[in-house]
Colleague: 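Please see the structure below; I have some questions.
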Amino acid sequence: MSGLKTYQGSQNYIVSDELSSSVNVAMVLGKPLLIKGEPGTGKTMLADSIAQALGKRLIIWNIKSTTKAQEGLYVYDTVQRLYDSQFGDHDVANIEQYIKLGKLGESFVSDEQVVLCIDEIDKADLEFPNDLLWELDQMSYYIPETKETITAKTRPIVIITSNAEKELPDAFLRRCIFHYIAFPDATEMERIIRVHHPNVEKKLLAQAMETFYMIRSIPNIQKKPSTSELIDWLQALVVGGISPGKIKQDLPFLGVLLKKNEDLDNLLNQLYNKNQNRIPNRPVGNLNRY
């Protein structure tokens, strides 16, 4: 990778050697980087970190269940053209004024290389990834309404995230570099936390992390607390003046970590079965006063 600016993480985003290598290989080969991992492992933040570290503009295409591939290329506003033909003074014969580029189109026409994040691609229907194969391969697409071909001025750095809600087509996977972001272990998690809370007391951090990983290990938790929720929880503990010895004992501000009633009940039942002489307090709503 001599002569190319490589990615090694950024000030606010800690990456493993394997992840930074995957990013750099994808950039060198000019292929999309497909990032999978459970929610809260920083998949979308990775794209932002790459943009910051390399000094490039970030374009995010948020995918929904109703999103079609066409929307990322361009949208032809036929309704506005019809309105203008009836009530406006525009030259409706000029169709170009009714063509609005989508996020993929924006990344193609940018004079400078950008980072394009196609976020949560697995939310779309099964045909969505296949519909993008040609455009991502060739870095160009055709607009039949204007008989114009849009070709990328510079190949964007494409980051695609997936929560693995659906399997992606094999043909699509073959065109991507793949990386799975594993949930951070305690050592890596402490490095991440120190980026956001550099001055947090060591004992408080140790107790919070021990409790956090204990909660994640509870069987049948539907939505395990993520890194971002641990960061928020630590802030709540500091603002709330909670001493380290009270964290595991009282489990304060559980509503910052667990967002489902079933998970809260599951946790309390598990703890009750371990220690039947005491059920921890459940001050879920106490955070509201801060």
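We number each residue from 1, following the sequence as shown.
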Colleague: Q207 and side chain to side chain contact (heavy atoms under 4.5 Å, CB included): which partner among Q249, K246, K248, K202?
Modeller: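 Of the listed residues Q249, K246, K248, K202, the side chain to side chain contact (heavy atoms under 4.5 Å, CB included) partner of Q207 is K248.
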Colleague: With side-chain hydrogen bond (donor to acceptor under 3.5 Å, both in side chains) as the criterion, how do D119 and T44 come out once you've worked through the C-alpha distance, each side chain's angles and the decisive distance to 0.1 Å?
Modeller: CA-CA 7 Å; D119 198 27; T44 306; 2.8 Å; yes
Colleague: So for atom CD, which belongs to E167, do other residues, nucleotides or ligands contribute more than 12 heavy atoms lying within a distance under 6.0 Å?
Modeller: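 No, not enclosed.
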Colleague: Can you confirm whether or not the ring centre of W61 sits under 6.0 Å from the ring centre of F128?
Modeller: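 Here the rings of F128 and W61 have centres that are less than 6.0 Å from each other.
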Colleague: Apply side-chain hydrogen bond (donor to acceptor under 3.5 Å, both in side chains) to the pair N163 and E38, showing each step before the final yes or no.
Modeller: CA-CA 6 Å; N163 290 326; E38 67 177 84; over 6 Å; no
Colleague: With salt bridge (charged side-chain N to carboxylate O under 4.0 Å, His left out) as the rule and sequence neighbours excluded, what pairs involving residues 219-231 come up?
Modeller: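 Listed once each, the pairs are K223-E229, E229-K259.
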Colleague: Any side-chain donor-acceptor pair under 3.5 Å between E145 and Y74?
Modeller: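 E145 vs Y74: donor-acceptor pair found between side chains.
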Colleague: Taking all heavy atoms of T6 and all of L54, pick out the closest pair and write down the distance.
Modeller: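 Looking at all heavy atoms of both residues, the shortest contact is O-CD2, 3.8 Å.
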Colleague: Do D48 and Q52 get their side chains close enough for a donor-acceptor pair, meaning under 3.5 Å?
Modeller: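 Yes, a side-chain donor-acceptor pair sits under 3.5 Å.
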Colleague: For I35 and L19, which heavy atoms make the closest approach, and how far apart are they?
Modeller: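 For I35 and L19, the tightest heavy-atom pair comes out as CD1-CD1, 4.0 Å.
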Colleague: More than 12 non-hydrogen atoms from neighbouring residues, nucleotides or ligands closer than 6.0 Å to NZ on K123, yes or no?
Modeller: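 Atom NZ in K123 is not crowded, with 12 or fewer foreign heavy atoms closer than 6.0 Å.
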Colleague: With a sphere of 6.0 Å drawn around OH of Y83, does it hold more than 12 non-hydrogen atoms of other residues, nucleotides or ligands?
Modeller: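 No - once you tally the heavy atoms of other residues, nucleotides and ligands closer than 6.0 Å, there are 12 at most.
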Colleague: Could I get the full list of side chain to side chain contact (heavy atoms under 4.5 Å, CB included) partners for E71, not counting sequence neighbours?
Modeller: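 For E71 the side chain to side chain contact (heavy atoms under 4.5 Å, CB included) partners, ignoring immediate neighbours, are T67, K68.
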Colleague: With a 6.0 Å cut-off (strictly less than), is the heavy-atom count around CD of E112, excluding the residue itself, greater than 12?
Modeller: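 Atom CD in E112 is not crowded, with 12 or fewer foreign heavy atoms closer than 6.0 Å.
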Colleague: If only side-chain N and O atoms count, and only distance matters, is there a donor-acceptor pair under 3.5 Å linking S10 with S49?
Modeller: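 The criterion, which ignores hydrogens and geometry beyond distance, is satisfied for S10 and S49.
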Colleague: Scan for salt bridge (charged side-chain N to carboxylate O under 4.0 Å, His left out) pairs involving residues 169-186, sequence neighbours excluded, and state none if there are none.
Modeller: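 For residues 169-186: D137-R175.
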Colleague: In this structure, which one of H197, M209, E201 forms a side chain to side chain contact (heavy atoms under 4.5 Å, CB included) with L234?
Modeller: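 The passing option is H197.
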Colleague: Look up atom CG in D232 and atom CG in L257, then write down how far apart they are to the nearest 0.5 Å.
Modeller: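 Between atom CG of D232 and atom CG of L257 there are 9.0 Å.
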Colleague: Residues in side-chain hydrogen bond (donor to acceptor under 3.5 Å, both in side chains) with R194, at least two apart?
Modeller: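 Partners of R194 by the side-chain hydrogen bond (donor to acceptor under 3.5 Å, both in side chains) criterion come out as none, since no residue qualifies.
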Colleague: State which residue, out of V158, L34, T161, fulfils the side chain to side chain contact (heavy atoms under 4.5 Å, CB included) condition with I118.
Modeller: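 Of all the options given, the one that passes is V158.
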Colleague: Could you work out, with salt bridge (Lys or Arg N to Asp or Glu O under 4.0 Å) as the rule, every residue matching D111, not counting sequence neighbours?
Modeller: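 So D111 forms a salt bridge (Lys or Arg N to Asp or Glu O under 4.0 Å) with K153.
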Colleague: With P198, which residues qualify under side chain to side chain contact (heavy atoms under 4.5 Å, CB included), at least two apart?
Modeller: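 Scan of P198 (side chain to side chain contact (heavy atoms under 4.5 Å, CB included), adjacent residues dropped) gives none.
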